[in-house]
Protein chains: 2
Amino acid sequence: MAPKIKSPEEREQLRLLILNAARSLFVERGIDAVSMREIAKKINYSATTLYNHFADKDALLQAVCDEDFLALAGSMQDIMKLPDLLDRLQALCKSYAFFALNHPNHYRLMFMTPHAPCNLDTTKIEQGNPEQDGYAQLKWVVKEAFDAQLFKADITDYELIAQTLWASVHGVCSLEIALGHDPWINWASIDARLSLMQRSILSGLLQHPDQLKESSDFTMATPLSTTSNI
Amino acid sequence: MAPKIKSPEEREQLRLLILNAARSLFVERGIDAVSMREIAKKINYSATTLYNHFADKDALLQAVCDEDFLALAGSMQDIMKLPDLLDRLQALCKSYAFFALNHPNHYRLMFMTPHAPCNLDTTKIEQGNPEQDGYAQLKWVVKEAFDAQLFKADITDYELIAQTLWASVHGVCSLEIALGHDPWINWASIDARLSLMQRSILSGLLQHPDQLKESSDFTMATPLSTTSNI
DNA sequence: GCCGTTAATTTAACATTGTTAACTTATCTT
DNA sequence: AAGATAAGTTAACAATGTTAAATTAACGGC
C-alpha cells in the first residue's frame with residue numbers, strides 16, 4: 001500500500017527481515033510445512049514481495065543455509081585458539097554436535113537434505129576460508145595433527161581422516177535427529193553415544209590412543225524438541 | 001469404469017500394484033516430487049482409488065518403508081551364518097552400506113527423514129524379530145561379541161556399542177547421499193571412507209584391535225546416480 | 001510544479017498438490 | 001428382482017509455489 005523508494009540499506013534491511021522470518025519458521029516447523037505466504041504474513045508483507053528479494057523458495061532456503069554455515073564456522077573459530085592439538089580436535093567435534101542438536105532443523109537443511117549440488121556460484125561463502133568454512137577448519141586441525149604424526153602411520157591421506165571424523169559425529173547427530181524419538185530403538189543417552197563415538201573413533205585413528213584424556217564431558221543437555229533460533 | 005467385486009487376493013494384488021508404483025516413483029524422483037495423482041496414473045487408476053487402500057500419503061509411505069526394512073533385514077540375515085564373529089560384524093556393516101548406497105532414496109526415506117515416530121501400531125514389522133528387524137540382528141551379533149569379551153572392558157552397555165557401530169556406518173553413507181555430489185568437499189572415494197571408518201571404529205572399540213583382518217575389500221561400485229528398484 | 005520513469009508492493013490468477021464428498025455402476029445376496 | 005455393498009470415478013476444496021498485471025508512491029528533469 002505504501003511503497004517508498006528504498007535506499008540500499010533499507011533494501012538490505014528488508015532482505016534480512018525476510019531471511020530471519022523464514023529461518024525462524026523453518027526451524028520451528030520444518031521446511032515443507034512453511035509456505036511463502038506464511039513467511040510473508042509474519043512480517044506483514046504479501047507473498048510476492050519475497051520474490052523481489054529471492055528468486056524462489058529454494059533460493060531463500062539457500063540464503064538461510066549460508067548464514068547458518070557462517071554461524072557454525074564462527075562458533076568453531078573460537079576453538080581454534082586452544083593450545084593442545086587433541087583438545088582442539090575434540091572440542092571441534094563437540095561444538096559441531098552441539099550445533100547440530102540445538103538446531104536440528106537447520107542441521108537437517110544443511111547436512112541431511114540433498115540440495116542441488118550447492119551452487120558454488122550463488123553461495124556467498126568463500127570455500128576454504130576458515131572464517132566461513134567450518135569444514136576447512138576441521139581439515140586444518142587434522143592436517144596439523146597429521147603433520148605431527150599423531151595418526152596411525154599407514155593412513156596417508158589427511159583429508160580422508162577429516163572426512164571420517166566428520167562422518168562419525170554426523171552419524172550420531174543425524175540419527176538422533178531423524179530417529180531419536182523413535183520407540184523402535186532403545187536409545188542410550190545422546191551424551192553417551194557422542195562420548196563413546198568420539199573416544200572410539202579417535203582411539204582408532206591415533207597412533208597412541210593412550211594420549212586421549214578421559215574428560216570430554218558431553219552434556220548437550222538441551223532436549224531436541226526445544227528448537228530455537230540461531 | 002468397470003468395478004468387479006474383488007476377492008481378498010485380488011484386493012491384495014492391487015495393494016501391491018500401488019505399493020510398487022509408489023516405490024519406484026519415490027525412489028526415482030524423491031518423495032515430495034511425486035504426487036498421488038502421478039502414482040495413480042502410472043497404474044491407470046484415479047487418485048482416489050489409492051485412498052481406498054492407504055489412509056493418506058504418509059501411510060502409503062510407511063507401507064513402502066516397511067517393505068524396505070524387510071528387504072534390508074533379509075539381506076542381512078544371510079550374513080548371520082558366517083562362523084567368525086568379527087567377520088559377521090564387518091560383513092553386516094558392509095551389507096548395510098551396500099544397501100544404503102544402492103538405494104539412496106529408500107535410505108533417505110528410512111533413516112534420514114524424521115518420520116512421525118514410527119507408529120508401532122500401524123507398522124507390520126515385528127520389533128525384535130531378527131527376520132524382520134535389521135537392528136535386532138546387529139544388536140544380536142554385538143551382544144555375542146560383547147559376551148565373548150571382544151570389546152574394551154570399560155564399555156558396559158552392549159546396546160550402546162551397537163548404536164555406535166550403526167552411527168559410524170550411517171554417518172559415512174548419509175553424508176555420501178546428502179552431499180556426495182557437492183563440489184564443496186574434496187571427497188575421498190566412498191570405498192576408502194567406508195573402509196577407514198570401519199577399521200577405525202572397530203579398532204577403537206575392540207579390546208585387541210590386532211585381531212582385525214586387513215581384508216574388507218570395499219567395492220560399492222554402483223554409482224549413486226544409478227538409483228534402482230529394490 | 002508538473003510528468004514520465006522507475007521502484008516497491010499488492011491483487012488476481014494459474015497450475016498442482018493432498019484429500020474428501022457425492023455419485024455411478026457393477027456385482028453379490030436374498 | 002431388489003436392495004445392499006464394494007470399486008471406482010468425477011468434481012470440488014483449500015493450500016501451495018509462482019507469475020502477470022495493476023497500483024501506488026517517490027524520484028529526476030524541465
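Every value quoted in this text rests on a predicted model; they were computed, and no experiment measured them.
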Whether A:Trp166 and A:His170 hold their rings parallel, tilted or perpendicular, with breakpoints at 30° and 60°: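 Rings of A:Trp166 and A:His170: perpendicular, as their planes differ by over 60°.
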Mutual orientation of the aromatic rings belonging to B:Phe111 and B:Tyr107 [parallel < 30°, tilted 30-60°, perpendicular > 60°]: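 It falls in the tilted class, 30° to 60°.
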Side-chain N,O (A:Tyr45) to OP1/OP2 (C:dT10) below 4.0 Å: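 No, no such contact exists.
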OP1 or OP2 of D:dA7 under 4.0 Å from side-chain N/O of B:Arg11: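 Answer yes for this pair, as a side-chain N or O of B:Arg11 is under 4.0 Å from OP1 or OP2.
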Between the first and last five pairs of the helix from C:dG1-D:dC30 to C:dT30-D:dA1, the angle of the axes, rounded to 10 degrees: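 For the helix from C:dG1-D:dC30 to C:dT30-D:dA1, the axes at opposite ends meet at about 20°.
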Can you tell me how far [atom2] of [N] sits from [atom1] of [X], to the nearest Å?
| X | N | atom1 | atom2 | answer |
| --- | --- | --- | --- | --- |
| B:Asn52 | D:dT9 | CG | P | 10 Å |
| B:Glu10 | C:dT27 | CD | P | 12 Å |
| B:Lys41 | D:dG8 | NZ | P | 19 Å |
| A:Phe54 | C:dA8 | CZ | P | 14 Å |
| B:Leu17 | D:dA7 | CG | P | 15 Å |
| B:Leu25 | C:dT17 | CG | P | 12 Å |
| B:Leu14 | D:dA7 | CG | C1' | 9 Å |
| A:His53 | C:dA8 | NE2 | C1' | 8 Å |

Beyond-backbone contact of B:Ser35 with B:Lys57, side-chain heavy atoms, under 4.5 angstrom: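 Of all side-chain heavy-atom pairs linking B:Lys57 with B:Ser35, none is under 4.5 Å.
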Under the ring pair (Phe, Tyr, Trp, His ring centres under 6.0 Å) test, residues paired with A:Phe26 that sit two or more places apart: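 Expected list: none.
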Charged N-O contact under 4.0 Å between B:Asp68 and B:Arg23: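 Between B:Arg23 and B:Asp68 there is a salt bridge, with a charged N closer than 4.0 Å to a carboxylate O.
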Chi angles and distances behind the side-chain hydrogen bond (donor to acceptor under 3.5 Å, both in side chains) call for A:Glu159, A:Tyr135: CA-CA 10 Å; A:Glu159 189 149 13; A:Tyr135 176 69; 3.0 Å; yes
Polar-atom pairs under 3.5 Å, protein N or O versus N or O of nucleotides 19-22 of chain C: list them with distances, or write none.
from, atom 1, to, atom 2, distance (Å)
C:dT19, OP2, B:Tyr51, OH, 2.9
C:dT19, OP2, B:Lys57, N, 2.9
C:dT19, O5', B:Tyr51, OH, 3.4
C:dT19, O4, B:Arg37, NH2, 3.2

Touch class at under 4.0 angstrom, heavy-atom based, for A:Ser35 against every strand present: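 Sugar-phosphate only.
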CD on B:Glu176 to OG on B:Ser174, rounded to 0.5 Å: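 Rounded to the nearest 0.5 Å, the OG-CD separation comes out at 10.0 Å.
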Polar side-chain atom of A:Glu38 near backbone of A:Ala22 as donor-acceptor pair, under 3.5 Å: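 The answer is no, because no donor-acceptor pair under 3.5 Å joins these two groups.
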Expected output: side-chain A:Gln132 to main-chain A:Phe69 donor-acceptor under 3.5 Å: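 Not at all, since once roles are kept as given, no pair shorter than 3.5 Å links the two residues.
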